[in-house]
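Let me begin by presenting the structure, written as structure tokens, before commenting on it.
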Amino acid sequence: MGKPVREYLLTLCITAAVTYLLTGPVRKFAIVAGAMPEIRARDVHREPTPRLGGIAMFFGLCAGLLVADHLTNLNQVFETSNEPRALLSGAALIWLIGVLDDKFEIDALIKLGGQMIAAGVMVVQGLTILWLPVPGVGSVALTQWQGTLLTVALVVITINAVNFVDGLDGLAAGMVCIAATAFFLYAYRIWYSYGVEAAAPATLFSAILMGMCLGFLPHNMHPARIFMGDSGSMLIGLVLAAGAISVTGQVDPDALNLYVGSEKEAVHQTVPVYIPLLLPLTIIAVPAADLILAIVRRTWRGQSPFAADRGHLHHRLLEIGHSHSRAVLIMYFWSALIAFGALAYSVNSASMWIVLGVVFLSAIGLILLLLPRFTPRAPRWMEHFVPPRYRRRGEVAAVAPEASTPAAAAEQPAAVAQENRTPVVSGVAGVNGATAIGSRARLDDRRRAGTR
């Protein structure tokens, strides 16, 4: 068991390293290519930021699959299953559509058609749902059309759910990374605890997906230097859906040998059979809820379901007073609570401590939501070592009179102008990230000092 774990870690690290190293050059390419749309009404960033981060993520996916194909234990996944090739084919198609959208802003219906075609490509190559475990009934075999329709629906819903939640720096990559971690632990347990080889592809997909997100996150955390764009959000949504389809529709529940003992024991023991139905939904519960609410909200207003607005959950968090970073962390918290709560329930469904723990953590999450303007204060002996916003009012008030001096009064208009600056239009030097050489306020200060 130790060697496969090391091989998974190696695959994850290679995927993360390739994604991380390529994101910098991709950012420069996106700036040169003009893949930097102007600020829209629903955006929360102030300056044009390059997209096309999905290019680096796609090559990270390719590197992960290539490394896994040359490892001793993971190579068996490629020999016994065609699912990795099906994933790569569908990912390449959805990635190309995303790249075109990041550059040329293609129509939403065209993107929807491309998502369905990418799902169909995976179905043709064998990555499809063959049966469903239904509580009280058992395994229900699906016809070819039923499996195809269900697979396409799951892929399209997951892709759009991830795409809808990609509205704050680091939000989509972090939430999908949390979901992939929970799914990896579940699929790994099914593979090695029950000896089900059919769960191996889903385990590999989850490890690669974690590497893609971890490699991109350092460049995408607030303030983001690059966005993943639709080329990245649709890509990671498809990989996430592929893992769910693989472990849900390919693993035979009868292979788990859980139907033993009394009827009451069988009910508890067969919980891992039903979790594949629930886990793909729980890991995208937050973005899926956002997707449903967005469709209802826009339809109620008489708008198109694909019309963009500022009514998403992360926008609401900002409106009630949460900072950008705190809003992202709250979304991380709820995603982890739902995903790992379902994972813990699949391991031991009879434990009351799991239910109590989820309830307790949910209460903490609600408290965090109700305290948007809470700012922690440092002890008095640390006030000289922390930023002013974390000091007590007395400390700030003592510094405030300095602003009434003539020199400070002369500098105040420049500060106000800097605060009320208008967003920079696309194509101007000094956009978000490492290429910014400094704010213009410093240059103005130098000129002002030289003319006195």
Side-chain angles (χ1 to χ4, degrees), residues 8-33 35-36 43-65 67 91 95 98-99 102 162-163 165-184 205-237 239-240 287 314 323-333 335-336 339 387 430-438:
Y8 279 125
L9 290 177
L10 176 61
T11 303
L12 188 154
C13 293
I14 293 297
T15 304
V18 172
T19 304
Y20 176 80
L21 294 176
L22 288 181
T23 303
V26 167
R27 181 183 181 278
K28 296 180 180 179
F29 169 76
I31 295 175
V32 173
M36 262 191 325
D43 292 334
V44 298
H45 56 282
R46 296 181 178 180
E47 299 177 356
T49 305
R51 293 183 179 179
L52 294 178
I55 296 179
M57 303 178 81
F58 176 75
F59 283 104
L61 169 67
C62 296
L65 291 175
V67 170
W95 172 71
V99 170
D102 290 340
V162 175
N163 192 18
V165 83
D166 185 23
L168 295 180
D169 298 346
L171 182 58
M175 291 181 65
V176 172
C177 184
I178 292 171
T181 304
F183 206 89
F184 172 81
F205 297 165
S206 302
I208 293 177
L209 183 57
M210 282 191 288
M212 295 166 61
C213 296
L214 290 176
F216 184 73
L217 266 176
H219 299 272
N220 191 232
M221 295 302 292
H222 183 70
R225 293 183 292 170
I226 185 174
F227 294 152
M228 65 173 66
D230 282 1
S231 58
S233 62
M234 293 198 300
L235 175 63
I236 61 178
V239 178
L240 183 61
H314 47 271
S323 65
H324 191 293
S325 300
R326 188 177 298 177
V328 172
L329 292 177
I330 289 175
M331 297 287 281
Y332 284 177
F333 173 84
S335 298
V431 296
N432 287 342
T435 59
I437 59 176

Could you tell me if the side chain of Leu235 sits less than 4.5 Å from the side chain of Met57, heavy atoms only?
yes

Would you indicate whether Phe29, at its atom CZ, is surrounded by more than 12 heavy atoms from other residues, nucleotides or ligands within a distance under 6.0 Å?
no

Within the 4.5 Å heavy-atom criterion, are Thr19 and Phe59 side-chain neighbours or not?
no

I need the Leu61 CG to Phe205 CZ distance, nearest 0.5 Å.
9.0 Å

For the student: nearest non-hydrogen atoms of Pro218 and Tyr20, plus distance:
CB-CE1, 3.8 Å

With no hydrogens and no angle check, is any side-chain donor or acceptor of Asp166 less than 3.5 Å from a backbone partner on Asp230?
no

Between atom CD1 of Ile31 and atom CZ of Arg51, what is the distance when rounded to the nearest 0.5 Å?
14.0 Å

Provide the closest heavy-atom pair for Phe183 versus Ser206 in the form atom of the first, atom of the second, distance.
CD2-OG, 3.4 Å

Sub-3.5 Å donor-acceptor pair from the side chain of His219 to the main-chain atoms of Gly24, do we have one?
no

Closest non-hydrogen atom pair between Ala336 and Ile178, with its separation
CA-CG2, 3.6 Å

Hey, could you give me the CE/OG1 distance between Met228 and Thr23, rounded to the nearest 0.5 Å?
10.0 Å

Would you call Arg27 and Arg225 a side-chain contact if the rule is heavy atoms closer than 4.5 Å?
yes

If I take atom CD1 from residue Ile208 and atom CD1 from residue Ile236, how far apart are they, to the nearest 0.5 angstrom?
14.5 Å

On a heavy-atom basis, the closest approach of Ile55 and Val99 is CG1-CG2, 4.2 Å

Got a donor-acceptor contact below 3.5 angstrom from the Asp102 side chain to the Ser231 backbone?
yes

Taking side chain as C-beta onward, heavy atoms only, is Val162 less than 4.5 Å from Val176?
yes

Quick one: does Asn220's side chain have a donor or acceptor within less than 3.5 Å of a partner on Gly170's backbone?
yes

Hey, does Leu209 have a side-chain heavy atom less than 4.5 Å from the side chain of Phe184?
no

Is Phe333 atom CZ crowded by more than 12 heavy atoms from other residues, nucleotides or ligands, each under 6.0 Å away?
yes

Considering non-hydrogen atoms only, spot the tightest contact between Ser233 and Asn163 and give its length.
OG-OD1, 3.1 Å

Short question: side chain of Trp95, backbone of Gly232 - any donor-acceptor pair under 3.5 Å?
no

If I take atom CG from residue Leu217 and atom CG from residue Leu171, how far apart are they, to the nearest 0.5 angstrom?
10.0 Å

If you take all heavy atoms of Ala207 and Leu12, which pair is closest and at what distance?
O-CG, 3.8 Å

